[in-house]
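Every chain is numbered from 1, with letters handed out A, B, ... down the list of sequences. Computed from a prediction, not measured in an experiment: that's the story for all the values here.
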Amino acid sequence: MGLDSLYKEVILDHYRNPRNRAELADVNRHADGNNPLCGDKISLDLTINGDIVAAISVQGHGCSISQASASLMSEAIKGKDLQEIARLRQLFSTMMTSDEAIVDPDRPGAVLGELEALAGVKAFPVRIKCASLPWATLDVALAGDAEPATTD
Amino acid sequence: MGLDSLYKEVILDHYRNPRNRAELADVNRHADGNNPLCGDKISLDLTINGDIVAAISVQGHGCSISQASASLMSEAIKGKDLQEIARLRQLFSTMMTSDEAIVDPDRPGAVLGELEALAGVKAFPVRIKCASLPWATLDVALAGDAEPATTD
Amino acid sequence: MDVRRDFPILASNDMAFLDSAASSQKPEAVIAAMDTMLRSGYANVHRGAYRLSAEATDAYEAARAKVATFIGAASPREVIFTRGTTTALNMLAAKWGGDRLDPGDNIVLSVMEHHANLVPWQFLKGLELRFANLTDDYALDMNSLRNQVDERTRIISITGMSNVLGTITPIDQIRAVADTVGATVIVDGAQLVPHLPVDVQTLGADFLAFSAHKMLGPTGIGVLWGRMELLDEMEPFEGGGEMIDEVGLFESTWAPVPHKFEAGTPPIVEAIGLGAAVDYLTDLGMDAVRKHDTELTVYALEQLATVPHVTVYGPTDLNIRGGTISFTLGDIHPHDLSTILDENGVAVRAGHHCARPLMDHLGIPATARASFSVYSSSDEVDRLVAGLELAAKLFGIAN
Amino acid sequence: MDVRRDFPILASNDMAFLDSAASSQKPEAVIAAMDTMLRSGYANVHRGAYRLSAEATDAYEAARAKVATFIGAASPREVIFTRGTTTALNMLAAKWGGDRLDPGDNIVLSVMEHHANLVPWQFLKGLELRFANLTDDYALDMNSLRNQVDERTRIISITGMSNVLGTITPIDQIRAVADTVGATVIVDGAQLVPHLPVDVQTLGADFLAFSAHKMLGPTGIGVLWGRMELLDEMEPFEGGGEMIDEVGLFESTWAPVPHKFEAGTPPIVEAIGLGAAVDYLTDLGMDAVRKHDTELTVYALEQLATVPHVTVYGPTDLNIRGGTISFTLGDIHPHDLSTILDENGVAVRAGHHCARPLMDHLGIPATARASFSVYSSSDEVDRLVAGLELAAKLFGIAN
Ligand SMILES: Cc1ncc(COP(=O)(O)O)c(C=O)c1O
Ligand SMILES: Cc1ncc(COP(=O)(O)O)c(C=O)c1O
């Protein structure tokens with residue numbers, strides 16, 4: 001059933017043991033995101049060296065989907081260059097919102113790695129905002145914009 | 001039909017040739033009345049001697065029913081004492097609003113004189129306010145109250 | 001237009017309903033959309049994570065998008081649902097006017113404004129109100145408007161179409177005048193939007209206000225459209241749920257437009273109804289609606305001209321005239337006319353039409369007014385004329 | 001109460017709808033009253049001299065009289081139709097508060113207020129907001145309230161029943177405190193009026209605000225009740241048609257209460273719907289409604305206590321508790337809970353419930369909330385509990 005594919009082990013693990021929570025010393029990009037309707041909050045601190053996201057720190061609270069998504073994202077982008085991150089962001093959006101089935105069920109993880117754990121969210125339209133919030137916040141951080149992100 | 005009993009000769013006559021429009025010298029009671037919804041306006045000036053309405057002046061504009069009613073009222077109360085006026089006012093109200101048939105069709109004018117010309121208004125609920133406005137204004141004038149009357 | 005059967009109240013009743021400028025009747029499509037929502041899709045919006053509420057939210061937001069498309073808004077976010085035109089204009093007067101203007105600034109209106117576009121401006125203290133006049137043919141006098149505007153003019157707020165005279169105003173020309181002094185243009189679209197094609201990209205307005213109930217939609221809802229930069233700048237009018245971002249005990253921050261302006265539970269079912277009304281009008285086509293109005297107006301003006309002692313107040317130039325005809329008949333008070341017509345199955349309005357200053361300007365206490373909508377027909381005009389002839393007879397002024 | 005079949009959306013759907021505090025469903029009687037009005041009785045009110053409009057006006061005013069009787073108002077004129085609770089409270093904040101208070105005056109609220117009874121007060125500049133606390137049992141702490149009130153306290157504005165905790169406040173005691181300093185008492189009745197018998201003659205309030213959509217009625221309409229002397233004194237909030245007496249170009253005077261506060265075309269059809277909702281509730285009897293809520297609350301609290309890791313936020317004293325139950329389950333975020341329950345046909349709210357300061361006070365970001373209305377049943381409570389057990393399993397916290 002749908003709920004099992006939404007609340008996968010991986011999600012609950014990232015919800016309860018979120019990665020990359022340690023504060024960073026050298027922050028050169030920052031953004032806050034929030035979803036006023038359900039109260040999810042995400043803060044991102046990034047250390048960018050050249051075009052590499054060398055380090056990331058995630059703060060925030062909210063539902064398992066938003067917090068797990070932030071944690072998964074932080075793992076996925078850490079050490080990657082901006083081009084690769086843009087590609088991942090694009091694929092992630094497609095996975096969340098398009099009818100195109102980009103994830104291959106026979107080769108789990110082949111396209112988006114652990115991020116594929118969030119594929120089940122698509123069946124719960126109300127929750128897509130939760131999963132997308134960290135990425136929307138990342139967009140703002142990378143754009144160097146000062147306005148908080150929102151998925152509302 | 002109803003319209004004929006509404007727009008009687010008498011009414012049209014009092015509408016076009018309103019009585020007691022001359023200004024008074026010795027005014028000791030005054031009131032303004034208005035019906036904001038259709039724009040009818042009535043101003044009354046009274047000269048009261050003891051308990052007699054010795055003189056009355058009517059100003060105003062509006063529909064035929066409100067203006068004819070004011071004119072008819074002015075004729076009916078001029079020279080009368082306050083008790084008699086109270087009786088007429090009561091009968092007039094009853095004629096306008098109660099199911100009781102106080103006017104005797106076989107003896108026209110026997111109960112309320114020319115005021116009976118307004119009996120037909122009762123069949124037009126929207127217009128009862130128009131016919132009642134002068135009397136409501138008279139109430140205010142006699143009470144010595146400063147607030148404008150309204151039949152709204 | 002042969003759509004009378006789409007309107008249940010008219011299909012089952014042979015009255016001539018000529019009071020659409022006060023409020024229009026509703027087609028089956030609108031009634032059914034609201035009914036269906038209440039019977040199978042109702043929940044509060046923007047608040048629930050459960051499906052019923054999410055679907056209600058989608059339906060509510062879809063209605064916003066429909067309205068945006070209908071008036072050519074750049075984005076649905078520029079469409080704010082209000083209680084009606086009156087509330088939309090009060091919001092603007094208080095928050096685009098009062099909050100942002102300096103003592104001595106002036107606001108230019110016209111003498112034919114509805115009280116909704118007059119009284120809210122009178123509330124403002126220390127600001128000067130100025131009034132553009134009418135030409136002899138009841139058009140907005142652009143010279144008069146130009147004379148009123150100076151470098152202290154911050155806002156020009158004018159009706160798009162007069163609810164008394166039927167006069168359509170040249171918003172593009174008003175815009176040009178406003179631009180010479182950097183003023184904002186507000187259009188009271190209560191009568192304009194139901195009757196003419198409106199595209200806010202070319203209209204020339206910065207803000208536009210209108211009511212659903214005059215455009216075949218429900219009561220309880222209207223629209224404030226504004227250009228996004230201006231809405232972003234404007235402070236909220238009411239505080240409460242949904243319009244906030246962060247809330248502390250002593251201070252709060254606001255949600256983005258449009259939510260900033262939609263405090264509390266919105267008129268949800270009414271939005272669905274308005275969406276259906278917009279669909280209905282779009283299907284008819286606003287050009288066709290305008291053509292229908294004009295044809296009927298031509299016919300009505302011709303027929304009224306045959307009745308002795310009738311005086312019509314409104315432009316003779318049909319290019320600047322909508323289907324709303326104010327008139328008087330001899331010395332018969334409009335209120336009496338209305339009663340006589342009503343007895344003959346013809347519903348018209350009588351009174352000052354919430355435009356007292358215009359009545360003063362015309363030098364009359366009131367008019368009778370016949371106003372059309374998509375379901376109105378020449379048949380109803382004929383009944384109006386027959387009723388007027390009867391009235392003339394009753395009052396002894398026939399010929 | 002066995003009335004589920006009166007509610008079309010529930011009769012045709014076997015969901016457990018436990019979000020009535022956000023907005024209730026509507027009985028057939030309400031839907032039909034509005035439908036009938038639109039199909040056979042619709043016209044604008046207060047404006048037409050023709051019969052259809054006069055009858056619409058009578059129906060609109062009859063709805064006002066029904067509401068007046070329902071809450072025990074001294075006169076229908078004390079009942080003002082607004083867009084909802086939010087607008088009613090904004091009117092009071094701006095026109096009973098802002099316009100009439102002096103810098104340094106204070107207004108006393110409580111920490112459990114809905115944003116609608118908080119943000120409008122934050123709008124006021126130069127006035128001090130003070131907050132009464134809660135007791136350990138989530139009651140309004142009257143000692144804390146007394147400590148906040150001093151001779152500069154001009155208004156005490158408090159919810160009659162919390163939309164989060166279900167707490168019912170002692171308005172009579174608040175009145176007594178207010179009287180010691182001559183303050184006005186405003187009651188946010190959005191949750192109170194739908195659930196308890198209310199008689200404004202004994203309630204202790206000077207003003208009472210509530211929304212139709214939470215009491216089985218339509219969206220787009222609510223009520224501001226006030227004592228006539230105070231309403232007479234208060235200035236209008238919006239300007240426009242119907243609220244005026246005389247209108248000049250530069251100045252106007254106001255119509256008597258209630259019209260002074262009802263600028264523009266009111267929510268006509270919505271008023272008819274509210275009248276029908278009031279009739280429906282009156283037929284059930286508000287004492288019976290209260291009894292039903294209490295019984296269901298007792299049952300729900302018992303059942304929730306059987307689920308490990310459930311924490312309930314709200315009074316244990318049932319005399320001061322309505323049928324609204326906020327809770328959390330272990331470390332499962334309420335938003336997740338809501339999704340899981342929804343998949344099992346149970347609709348609850350999750351979030352801050354437009355009461356952020358209360359959430360801060362409780363030290364939690366959000367709760368899940370189950371709330372009842374007349375159609376709610378123990379069956380639905382059972383389904384809620386089953387859903388919670390499933391959620392616990394999914395999140396690996398069962399026992
Ligand atoms: C206690 C309380 N006050 C005020 C409101 C606001 O009511 P509305 O959204 O109908 O204006 C609500 C409901 O959301 C409420 O529960
Ligand atoms: C030109 C004009 N402006 C404003 C209004 C006010 O609209 P509403 O009463 O729907 O707020 C009306 C209608 O009464 C109108 O005709």
Side-chain angles (χ1 to χ4, degrees), chain C residues 8-9 12 19 22-23 25-26 31 35 38-40 42-44 47-52 83-84 86-87 90 114-116 119-120 122-123 129 131 211 213 218-221 238-241 244 247-252 263-265 267-270 335 338-339 342 347 349-350 354 356-357, chain D residues 8-9 12 19 22-23 25-26 31 35 38-40 42-44 47-52 83-84 86-87 90 114-116 119-120 122-123 129 131 211 213 218-221 238-241 244 247-252 263-265 267-270 335 338-339 342 347 349-350 354 356-357:
Chain C
I9 198 172
S12 66
D19 192 22
S23 197
Q25 298 298 343
K26 326 299 173 198
I31 302 173
D35 202 79
L38 287 170
R39 284 172 193 280
S40 58
Y42 183 75
N44 210 331
R47 302 192 180 181
Y50 55 92
R51 249 169 241 261
L52 188 65
R83 195 176 49 101
T86 300
T87 298
N90 275 277
H114 187 281
H115 295 163
V119 180
Q122 292 178 345
F123 282 175
L129 300 188
F131 295 89
S211 298
H213 71 94
T219 49
I221 190 167
E238 293 189 14
I244 50 81
V247 183
L249 285 174
F250 302 100
E251 275 184 332
S252 303
T265 301
I268 302 167
V269 178
E270 291 70 20
H335 208 193
S338 170
T339 295
D342 188 33
R349 274 288 293 287
C354 297
R356 287 269 186 99
Chain D
I9 198 172
S12 66
D19 192 21
S23 198
Q25 298 299 343
K26 326 299 174 199
I31 302 173
D35 201 81
L38 287 169
R39 284 173 192 279
S40 58
Y42 183 75
N44 211 331
R47 301 191 180 183
Y50 55 91
R51 248 169 242 263
L52 189 65
R83 195 177 50 101
T86 299
T87 298
N90 274 278
H114 187 281
H115 296 162
V119 180
Q122 292 179 346
F123 282 176
L129 299 188
F131 294 89
S211 297
H213 72 93
T219 47
I221 190 167
E238 293 189 13
I244 50 83
V247 183
L249 286 174
F250 302 100
E251 274 185 333
S252 304
T265 302
I268 301 167
V269 178
E270 291 70 18
H335 208 193
S338 169
T339 296
D342 187 33
R349 273 289 292 288
C354 296
R356 287 269 187 101

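In this structure, CD on C:Gln25 lies 4.0 Å from CD1 on C:Ile9, to the nearest 0.5 angstrom. Taken to the nearest 0.5 Å, the CZ atom of D:Arg356 stands 12.0 Å off from the NE2 atom of D:His114.
Of all heavy-atom pairs between C:Ser252 and C:Val247, the closest is OG-CG1, 3.3 Å. When every heavy atom of D:Thr86 is checked against every heavy atom of C:Gly240, the shortest pair comes out as CG2-CA, 4.3 Å. Here the closest heavy-atom approach between residue C:Ala22 and residue D:Asn44 is recorded as O-ND2, 2.9 Å.
Residue contact with chain D, scored on non-hydrogen atoms closer than 4.5 Å, involves the side chain of C:Ile244 exclusively. If you measure heavy-atom distances from C:Phe123 to chain D, the contacts under 4.5 Å come from the side chain alone. D:Glu238 touches chain C through backbone and side chain together, each having a heavy atom under 4.5 Å away. Using a 4.5 Å cut-off between heavy atoms, C:Phe131 touches chain D through its side chain atoms alone. Residue C:Ser211 does not touch chain D at all, counting heavy-atom pairs closer than 4.5 Å.
Between chain D and the options C:Thr339, C:Thr219, C:Asp35, the largest number of non-hydrogen pairs under 4.5 Å is found for C:Thr219. The residue among C:Ile268, C:Val269, C:Ile31, C:Leu249 with the most heavy atom pairs within less than 4.5 Å of chain D is C:Leu249. Counting heavy-atom pairs under 4.5 Å between each of C:Pro357, C:Ser12, C:Ala43, C:Ala116 and chain D puts C:Pro357 at the top. Between chain C and the residues D:Gly239, D:Ser23, D:Pro120, D:Gly84, the most heavy-atom pairs under 4.5 angstrom are made by D:Gly239.
At least one side-chain heavy atom of C:Lys26 sits under 4.5 Å from a side-chain heavy atom of C:His213.
Under the rule for a ring-ring contact (aromatic ring centres under 6.0 Å, His included), the partners of D:His115 that lie at least two apart in sequence or sit in another chain are D:His352.
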